[in-house]
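Before any comments, here is the structure.
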2 protein chains.
Amino acid sequence: MAFKGQAEYSVDSKGRVAIPAQMRKAMSPAANETFTITRGFEDCIFLYPMDRWSSIEDEIEDLNMYDREVRTFVRLIMRWANEVSLDGQGRISIPNPLLDLADLDDSALILGAYDHIEIWDPEQFDGYLNEQPDDYETLAESVMR
Amino acid sequence: MAFKGQAEYSVDSKGRVAIPAQMRKAMSPAANETFTITRGFEDCIFLYPMDRWSSIEDEIEDLNMYDREVRTFVRLIMRWANEVSLDGQGRISIPNPLLDLADLDDSALILGAYDHIEIWDPEQFDGYLNEQPDDYETLAESVMR
DNA sequence: GGATGATTCCCCACATTTCCCCACGCGCCT
DNA sequence: AGGCGCGTGGGGAAATGTGGGGAATCATCC
C-alpha cells in the first residue's frame, strides 16, 4: 500500500516526530517498523521503509563505482542515511544533521509520497510550491500521458 | 458500472457527506466500500473506488522518481490523498485539508463522473461552468470524433 | 581503570481527536 | 396506510499525538 496524506506535527525538544497512523498502517510488516532516513531531494528528508530501501540499495549495487559521478552521488546519499525505528508511540527521532539540513525547528510537515515519506519544514515547502512554474493540471497533462 | 447522476447534500459539522445510494450501488464489491479521496482537477474533490485507484497507483509506480516534474506531481496528488470508507449510514468523512481546498462549507454537490465521483462546492461549480468558452455541442464535436 | 557527565532509549500518563454506533424524520414504493 | 430505504444529527468509546521522567549506554576526563 502506498504512502499518502499529509500532516503538520510538532518536533519535540528531543527531535522526535510522530508518523501519522495511516502511514504506519501502510507499511509492510516486512519493514519491521524500521525506516532508512536520508537526505531527500529539494531540501527535505526522505523516509524509506526498510523493505523498499533494500531495493534502492540494489540499484546502487548495480552502479559503476569507477565512474566519478557515481562516486559523488553515492557519497552524497549514503552520508546522510541512517536506520531509525518507531518507538512505542509511533515516533521516530531525526538525527541532528538532518534536522539542520531540512531546516526543521519545532514543526514538521509529513507527506506521503507513494513509496516513501517526506518530512519538510512547512515554510520550506511553501517556498518550494511557489517556485513551481506549472500548476497541478498542467503537470498532470505532461506527466501522466 | 459507471458513476452517474448528481445530488446536492449537506456537509454536517463533522465534515461528513452522504454518497447517493445509486452511486454506492454502482461500486464493485472489490472496492470494499472504500474510496481514495484526493484533490481533483479544477478545485474539486475526486473519489476513486479502491479498485479503480489501485490502477492509478500502478501508473504512478511506473513513473521515474528521479525526474523533478514527476516528484512535484506525485507530491501534489499524494499529499491530498486519503483512504475513506463508508460508515453504516453510507457517508464518508472528508479530511479537513480537502474541505478547505474545495471551499466546502455546509452544502456539497456530488457528481457521478464515469470512473470516479466528484464533490464540488455548489457556487464553485457554477463559476466553473460559466468560465467554459465552448458550449455542450461544440465540446462534443471536438472531443468525440 | 574508574568515576562522572551527557546522551539515548524506553516507558508511562494526559488531552484531544477520530471513529463507530444508535436514533430520528422524511419520502417513496407496495 | 404501513413499511422500507435513505439522508441527517448527535453521543460515547477507543485510538492518536504530545510531553515528560527514569534507566541504560556511551564517551570523556581524571
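Being a predicted model, the structure only gives us computed values, none of them experimental. Per chain, numbering begins at 1; letters A, B, ... match sequence-line order. All values below come from the heavy atoms of this structure, side chains included, with hydrogens, waters and symmetry mates left out.
- Regarding B:I19, its CD1 atom lies at a distance of 14 Å from the C1' atom of D:dT8, rounded to whole Å.
- B:E83 CD: more than 12 foreign heavy atoms inside a 6.0 Å radius.
- Among the atoms of the strands shown, none is found under 4.0 Å from any heavy atom of B:D87.
- With 3.5 Å as the limit, one finds a donor-acceptor pair spanning the side chains of B:T72 and A:Y128.
- Residue B:L86 contributes atom CG, which lies 14 Å from atom P of C:dC19 at whole-angstrom precision.
- Evaluation of atom-type donor-acceptor distances gives a pair under 3.5 Å for the side chain of B:R16 against the base of D:dG10.
- Taking the side chain of B:D12 as heavy atoms from C-beta on, and the options D:dC6, D:dG9, D:dG17, the nearest nucleotide is D:dG9.
- A:E118 has no carboxylate O lying under 4.0 Å from a charged side-chain N of B:R71, or vice versa, which leaves the two without a salt bridge.
- In this structure, A:R91 forms no cation-pi arrangement with A:Y9, as its terminal cationic atom is not both closer than 6.0 Å to the ring centre and no more than 45° off the ring axis.
- Nearest-nucleotide assignment on DNA chain C puts the 5′-proximal partner with A:K14, out of A:K14 and B:S93.
- The line from OG1 of B:T36 to NE2 of B:H116 is 13.0 Å long, rounded to the nearest 0.5 Å.
- In the helix from C:dG1-D:dC30 to C:dT30-D:dA1, the terminal helix axes, each the rotation mapping four pairs' C1' atoms onto the next four within five end pairs, subtend 30°, rounded to 10°.
- Contact between the side-chain N/O atoms of B:K25 and the OP1/OP2 oxygens of D:dG5 is not found at any separation under 4.0 Å.
- At whole-Å resolution of the value, CG in A:D106 and C1' in D:dT18 are 13 Å apart.
- Both B:F46 and B:W53 sit in one connected hydrophobic cluster of ILVMFWY residues. Membership requires side-chain heavy atoms under 4.5 Å apart, directly or through other members.
- Side-chain contact of B:R52 with B:S55: a donor-acceptor pair under 3.5 Å is present, judged by distance alone.
- Rounded to whole Å, atom C1' of C:dC19 lies 15 Å from atom CD of B:E83.
- No continuous path of hydrophobic side-chain contacts links A:I110 to A:F41 [ILVMFWY only; heavy atoms under 4.5 Å].
- Regarding B:N82, its CG atom lies at a distance of 15 Å from the C1' atom of C:dT17, rounded to whole Å.
- Put simply, CD on B:Q22 is 14 Å from C1' on D:dG5, counting in whole angstrom units.
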Contacts under 3.5 Å, N or O only, protein and nucleotides 22-26 of chain C:
from   : atom 1 : to    : atom 2 : distance (Å)
C:dC22 : N4     : B:Q89 : OE1    : 3.2
C:dC22 : N4     : B:Q89 : NE2    : 2.9

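- A close approach under 4.0 Å does not occur between any side-chain nitrogen or oxygen of A:S13 and OP1 or OP2 of D:dG20.
- Using a 4.0 Å cut-off, some side-chain N or O of B:S10 falls inside it from OP1 or OP2 of D:dG9.
- A sub-4.0 Å separation between OP1 or OP2 of D:dA15 and a side-chain N or O of A:R24 is absent.
- Ring pair B:W120/B:F125 is perpendicular by interplanar angle, where above 60° counts as perpendicular and below 30° as parallel.
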